[in-house]
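Convention: sequence-line order gives letters A, B, ...; per-chain numbering from 1.
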Amino acid sequence: MKENRDIARAMEEAKRAGRKVALATVVRVKGSAYRREGAKLLIDEEGNTVGVISGGCLEPDVAEVAKKVMADGRPVLKSYELDEELVWGLGLGCPGTVDIWIEPVPDTDVPRTLREARKAEGLEGREESS
Amino acid sequence: MSGQREKELYESWLRCLREGRAAVLARLLESSSPDLQAGARLFIPEEGEPMGDLGDPSLNRLVIERAREKLATLYPRSETCPVSLPGGEQVQVFFDINLPPFELMIFGAGHDAVPVAKFALELGFRTTVVDPRPAYATGERFPGSRIILADRHSWEEKVTVGRRTFVLVMNHHLERDRAAIRFALNSPAPYVGVLGPRSRRERMLEALEKEGVRFEKEQLSRMYSPVGLDIGAETPEEVAVSILAEVLAFRSGHKGGFLRERSRDSIHQPL
């Protein structure tokens, strides 16, 4: 629950800073996997991420796909077969299939409270002039 | 859908995430029909009107109905579901569910309530402590918890219990515990844990019966007493783990117990 809030905050921050972002969400899991459906990862244009969608093995590849998604604006459904022998050889120990939906985040107008807006403009603490 | 409406939909969804309100964002992942575009979104808040369009009015209706059904259960999980349309098309829709944090409401601010509130906060619960004694129910003892200083005569007025509130009764005081059980079992709380042995619970229920208070079977089934999982807990911290483990198991629809004693199916499936 708290994770979703953190993702929402990170999305708003990115928007405020004028950075493009894509959102990756675990949408289907078969077999064993570290995270379940609904886990989210936010990726910006530079490849910075917020959130966790696996034990750390998928994030780099998802970040690469996300760059493409941001560039052409079209969502992608990516399937990862976590067969440790075949693909990773890292001894992940959680063999399973994880489907990840990676979508562009529309260029939202960040909803701000007055207080937040003031803070952003360095006006925090000053009296409002009328 | 137009860019402007996409934006509005996303903003509404973000607001629900940020404010911890219950909502579902449905996304069309795959479809057998070229007319239905993957990536289409439909946003269904628990309170308020749905927004968006999956590309077909009957699909929208089916998805809204399914989302509402999910939100009506205690702990709906995000998942991808196949949906069949009247025309025979098959689509895969991902239901992304956001829930408000569950609340743990502890009646009793004694020393053993301190680790319960502390661990519960770390697990992501909102915690509330209800006790009439200002020396015990303090922000210093319960940092991060909401404190309600109230005796049983003012609970009706000061204490709100919702359908996502788990109640713990641990006053170490027979009369206050009795009143708290009565209050909680008459509220929408799905879980009412009561500290203490079975014999104490029976005595309290008998006393309530003498006062003319009788509970329905359904109400008594929400009462968990003795509270907690059987882990041989002794110290207040251990007891807190035992209680919270039970609360989590209850929330998720799991049974508790050793995972290795489960059959080969997934450890994430409720029983």
Side-chain angles (χ1 to χ4, degrees), chain A residues 1-16 21-40 42 50-51 53 69 72-79 94-113 116, chain B residues 1-30 37-41 52 75-82 92-102 121-126 164 251-252 264-269:
Chain A
M1 314 294 119
K2 194 172 159 296
E3 283 185 308
N4 276 351
R5 198 175 62 202
D6 293 343
I7 290 283
R9 287 204 177 129
M11 272 197 224
E12 290 170 3
E13 250 166 59
K15 288 292 152 191
R16 206 165 286 156
V21 281
L23 180 66
T25 308
V26 176
V27 294
R28 220 166 3 210
V29 174
K30 280 186 204 115
S32 308
Y34 188 69
R35 294 300 313 267
R36 309 301 301 174
E37 290 89 342
K40 295 179 183 67
L42 189 71
V50 177
I53 47 167
V69 167
D72 67 16
R74 286 228 294 274
V76 165
L77 180 62
K78 183 121 196 225
S79 201
C94 275
T97 309
V98 180
D99 289 349
I100 297 185
W101 178 255
I102 307 160
E103 66 188 0
V105 173
D107 201 12
T108 53
D109 300 319
V110 176
R112 280 184 187 177
T113 62
E116 280 173 332
Chain B
M1 193 160 57
S2 78
Q4 189 53 39
R5 287 172 64 192
E6 270 292 301
K7 273 189 194 179
E8 278 169 30
L9 181 155
Y10 232 79
E11 279 160 16
S12 304
W13 181 58
L14 281 184
R15 215 169 295 132
C16 280
L17 296 188
R18 200 186 43 190
E19 293 168 7
R21 279 186 282 125
V24 178
L25 181 62
R27 297 175 179 85
L28 186 64
L29 299 188
E30 291 161 327
Q37 273 243 309
R41 288 180 272 243
Y75 191 50
R77 313 301 301 265
S78 298
E79 62 176 338
T80 298
C81 302
Q92 298 286 328
V93 177
F94 177 59
F95 292 79
D96 198 351
I97 294 171
N98 188 61
L99 289 181
F102 285 94
L121 276 169
E122 284 182 32
L123 291 170
F125 290 94
R126 285 196 298 136
R164 292 186 180 105
R251 176 207 63 184
S252 315
R264 259 177 299 163
D265 54 14
S266 160
I267 59 172
H268 296 286
Q269 293 307 312

Practice item. Using non-hydrogen atoms and a 4.5 Å limit, figure out which bit of A:Ile102 sits close to chain B: side chain, backbone, both or neither. Key: neither
**Study point:** Residue part contacting chain B, namely of A:Val26, when any heavy atom lies under 4.5 Å
**Key:** backbone
Heavy-atom closest contact ([X] atom, [Y] atom, distance):
X       : Y        : answer
A:Asn4  : B:Ile97  : ND2-O, 4.1 Å
A:Pro75 : B:Ala38  : CG-O, 4.2 Å
B:Asp96 : A:Gly38  : OD1-CA, 4.1 Å
B:Leu28 : A:Trp101 : O-CH2, 3.8 Å

Just how far is it from atom [atom1] of [X] to atom [atom2] of [Y], taken to the nearest 0.5 Å?
X       : Y        : atom1 : atom2 : answer
A:Asp99 : B:Leu29  : CG    : CG    : 8.5 Å
B:Gln37 : A:Arg74  : CD    : CZ    : 8.5 Å
B:Leu25 : A:Glu103 : CG    : CD    : 7.0 Å
A:Lys40 : B:Asn98  : NZ    : CG    : 7.0 Å

**Study point:** Pair A:Arg28-B:Glu30, salt bridge (Lys or Arg N to Asp or Glu O under 4.0 Å): steps then yes or no
**Key:** CA-CA 12 Å; A:Arg28 220 166 3 210; B:Glu30 291 161 327; 3.4 Å; yes
Please examine the side chains of [Y] and [X], heavy atoms only from C-beta on, and report whether any two atoms are closer than 4.5 Å.
X        : Y       : value
A:Pro106 : B:Arg41 : yes
A:Val27  : B:Gln92 : no
A:Leu23  : B:Tyr10 : yes

Practice item. Inspect the surroundings of CD in B:Glu19 and state if more than 12 heavy atoms from other residues, nucleotides or ligands are less than 6.0 Å away. Key: yes
